[in-house]
Number of protein chains: 2
Amino acid sequence: MPTVSSEELAAAAGVNSAKLRKDFSYLGSYGTRGVGYDVEYLVYQISRELGLTQDWPVVIVGIGNLGAALANYGGFASRGFRVAALIDADPAMAGKPVAGMPVQHTDELEKIISDNGVSIGVIATPAGAAQQVCDRLVAAGVTSILNFAPTVLTVPDGVDVRKVDLSIELQILAFHEQRKAGEESSADSADDAEGTAPPAAAKPHRKGPDGDVPAVMPA
Amino acid sequence: MPTVSSEELAAAAGVNSAKLRKDFSYLGSYGTRGVGYDVEYLVYQISRELGLTQDWPVVIVGIGNLGAALANYGGFASRGFRVAALIDADPAMAGKPVAGMPVQHTDELEKIISDNGVSIGVIATPAGAAQQVCDRLVAAGVTSILNFAPTVLTVPDGVDVRKVDLSIELQILAFHEQRKAGEESSADSADDAEGTAPPAAAKPHRKGPDGDVPAVMPA
DNA sequence: CCATCTTTGTGCACGCGTTCACAAAGACAT
DNA sequence: ATGTCTTTGTGAACGCGTGCACAAAGATGG
């Protein structure tokens, strides 16, 4: 029986072994003292707890560049997701195959969701259409939404929304990049150091240090 | 002079007002007691601190569906990012316009980076090519990488990598979805409740509760 | 069957981020 | 000028997650 110790697993994942053991204990996954965890059993338990053993039908609404990329993304199928339908508002798209699947018109949205028992929807529409699409998805029975549109969606209680903003990750990188570059010349007259002038009426009394380290950005 | 109080801002953002004030104080953004924060000045300060007032040239490597979606994504330009070049390994892609910009061949990578002073690269290639592309980007002077390929990249010290896995967000949604569905029928014989049978050799002595709440998933 | 050795599971302490609560600061009216 | 009122900035307390350290459990060998 192939096994792994929490120590090996922790080293491979770059985390603390005690934390890993504690997390496993929350999941109810018991190992064997003196031996470790049965690999096969552990994989099965984690997969099941995470919902990977289930088949989740999802619909993707908005088949532009991003929608098509998602439809073609191989990582979904292996994680238990099945793209049940591709939906777009453009009548010219209807019937056109994307990722080996015909695009369907928004008119069919409610029927598709109910026929396939879809509870997870992906929104890849322009920002303007997102809330409207969201409302229709929720009304049709979807209770989890992954939103790629740059808008904050309003949903009733009981519906989960996760927002993915592609530019936020870039911003975080740029933030660190800026910090790297600015490291040699600190403690300068920080206000107009960056080329762009501050607003005219601004800067009422500015007292604080400017070169300190904000603690508000993810590492 | 239009102003906002920390209370208003906190309510709009759904966070605690004290935290918001403390964060602002780290940034050195001083408000006026009894009045609040000067909106225009605050926006300028935050933009500058976040690097939004700078122009960041980026290259996108791997112009498949995802790469094209990123190239077309409008959110970048408004956040201070400028797509300096689109790069792909496929000779057939070279010269083809994507998002109003000709795709260039991988051979040009080093020259493009050095000519444009690019320090941020986006990898949207298949998993197999990602590490190789990463190495070339780093060798050419890139110090921040946004990785969409499903691989963990190895980089030297001083280089930042952020990985975006589109399916992780879906998994988190599915996890909560599963929890919603399983709420009525708890405390059952949890093992084969999900249809898929557990491995034969598994389940050595299983003692712990199965219906408890793991604390390892983002809200 | 007992001793030893390995690895788990977890109580406890430490550290960090969040929140509370309030003194200080400034605006504004009188 | 002086008092009142609003809102900031921050010291202190609280709570939570992480990591340490060890007892308990079970395997393995003599």
Side-chain angles (χ1 to χ4, degrees), chain A residues 1-46 49 172 175-176 190 201-219, chain B residues 1-46 49-50 172 175 190 201-219:
Chain A
M1 181 176 83
T3 60
V4 262
S5 69
S6 63
E7 202 62 58
E8 295 174 84
L9 241 26
V15 298
N16 182 283
S17 67
K19 175 166 151 52
L20 193 144
R21 286 200 297 280
K22 191 162 283 188
D23 283 354
F24 281 2
S25 78
Y26 286 136
L27 295 172
S29 295
Y30 285 2
T32 306
R33 296 177 188 220
V35 177
Y37 297 89
D38 173 30
V39 172
E40 192 184 10
Y41 184 60
L42 188 61
V43 167
Y44 167 74
Q45 277 300 330
I46 294 179
E49 189 70 37
I172 294 172
F175 176 80
H176 290 299
K203 239 188 342 178
H205 42 59
R206 265 343 238 101
K207 283 186 285 192
D210 217 359
D212 59 350
V213 182
V216 288
M217 188 63 62
Chain B
M1 183 176 82
T3 59
V4 263
S5 68
S6 63
E7 201 62 56
E8 295 173 85
L9 241 26
V15 298
N16 182 285
S17 69
K19 174 166 153 52
L20 193 144
R21 284 199 299 279
K22 190 161 282 188
D23 284 355
F24 280 2
S25 77
Y26 287 137
L27 295 173
S29 295
Y30 285 2
T32 307
R33 299 179 185 217
V35 177
Y37 298 88
D38 172 29
V39 172
E40 192 184 10
Y41 184 60
L42 187 61
V43 167
Y44 166 74
Q45 277 300 329
I46 294 178
E49 189 70 36
L50 259 36
I172 294 172
F175 175 79
K203 239 189 343 179
H205 41 57
R206 269 335 244 105
K207 283 186 285 190
D210 217 359
D212 59 350
V213 182
V216 288
M217 189 61 65

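A note on names: the letters A, B, ... follow the listed sequences, proteins ahead of strands, and every chain is numbered from 1. Model, not experiment: these values are computed from the prediction.
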For the pair made of CE in A:Met1 and C1' in D:dG26, what is the distance, rounded to whole Å? 12 Å

In the structure I gave you, are the side-chain heavy atoms of B:Ser6 and B:Tyr37 within less than 4.5 Å of one another anywhere? yes

From B:Leu9 atom CG to B:Leu42 atom CG, the distance as rounded to the nearest 0.5 Å: 6.5 Å

Got a donor-acceptor pair under 3.5 Å from the side chain of A:Arg33 to the base of C:dT8? yes

Using whole Å, what does the distance between atom C1' of nucleotide C:dT18 and atom OH of B:Tyr26 come to? 10 Å

Report the distance from atom CZ of B:Arg21 to atom CG of B:Asn16, rounding to the nearest 0.5 Å. 8.0 Å

Provide, to the nearest angstrom, the distance between the CG atom belonging to B:Leu20 and the P atom belonging to C:dG17. 17 Å

Could you check whether any side-chain N or O of B:Glu8 sits under 3.5 Å from a backbone N or O of B:Ser5, counting only pairs where one atom can act as donor and the other as acceptor? yes

Starting at atom NZ of A:Lys19, determine the distance to atom P of C:dC16, rounded to an integer number of angstrom. 17 Å

Given D:dT10, D:dG26, C:dG9, which nucleotide is nearest the side-chain atoms of A:Tyr30? C:dG9

Kindly state which residues belonging to residues 3-10 of chain B come within less than 4.0 angstrom of DNA chain D, counting heavy atoms of the residue only, listed by number. B:Ser5, B:Ser6

With side-chain contact (heavy atoms from CB on, under 4.5 Å) as the test, would you mind laying out the steps for B:Leu50 and B:Ile46 before giving the verdict? CA-CA 6 Å; B:Leu50 259 36; B:Ile46 294 178; 3.9 Å; yes

Go through the steps to decide whether B:Gln45 and B:Tyr41 satisfy the test side chain to side chain donor-acceptor pair (under 3.5 Å), and finish with yes or no. CA-CA 6 Å; B:Gln45 277 300 329; B:Tyr41 184 60; 3.2 Å; yes

Spacing of B:Phe24 atom CZ relative to D:dT10 atom P, expressed in whole Å: 14 Å

Residue met sooner reading DNA chain D from 5', once A:Val15 and A:Val35 are mapped to nucleotides: A:Val15

Do A:Thr32 side-chain atoms and A:Val35 backbone N/O form a donor-acceptor pair below 3.5 Å? no

What is the nucleic acid contact for A:Tyr37, judged by heavy atoms within less than 4.0 Å: base, sugar-phosphate only, or nothing? sugar-phosphate

How many Å lie between CG on A:Leu42 and P on C:dT7, as a whole number? 16 Å

Nearest whole Å is fine: how far is C:dG11 P from A:Arg21 CZ? 14 Å

Whole-Å distance separating the NZ atom of A:Lys22 from the P atom of D:dA21: 14 Å

Please determine, for the side chain of A:Ala18, which listed nucleotide (C:dG26, C:dT10, C:dG9) has the closest atom? C:dT10

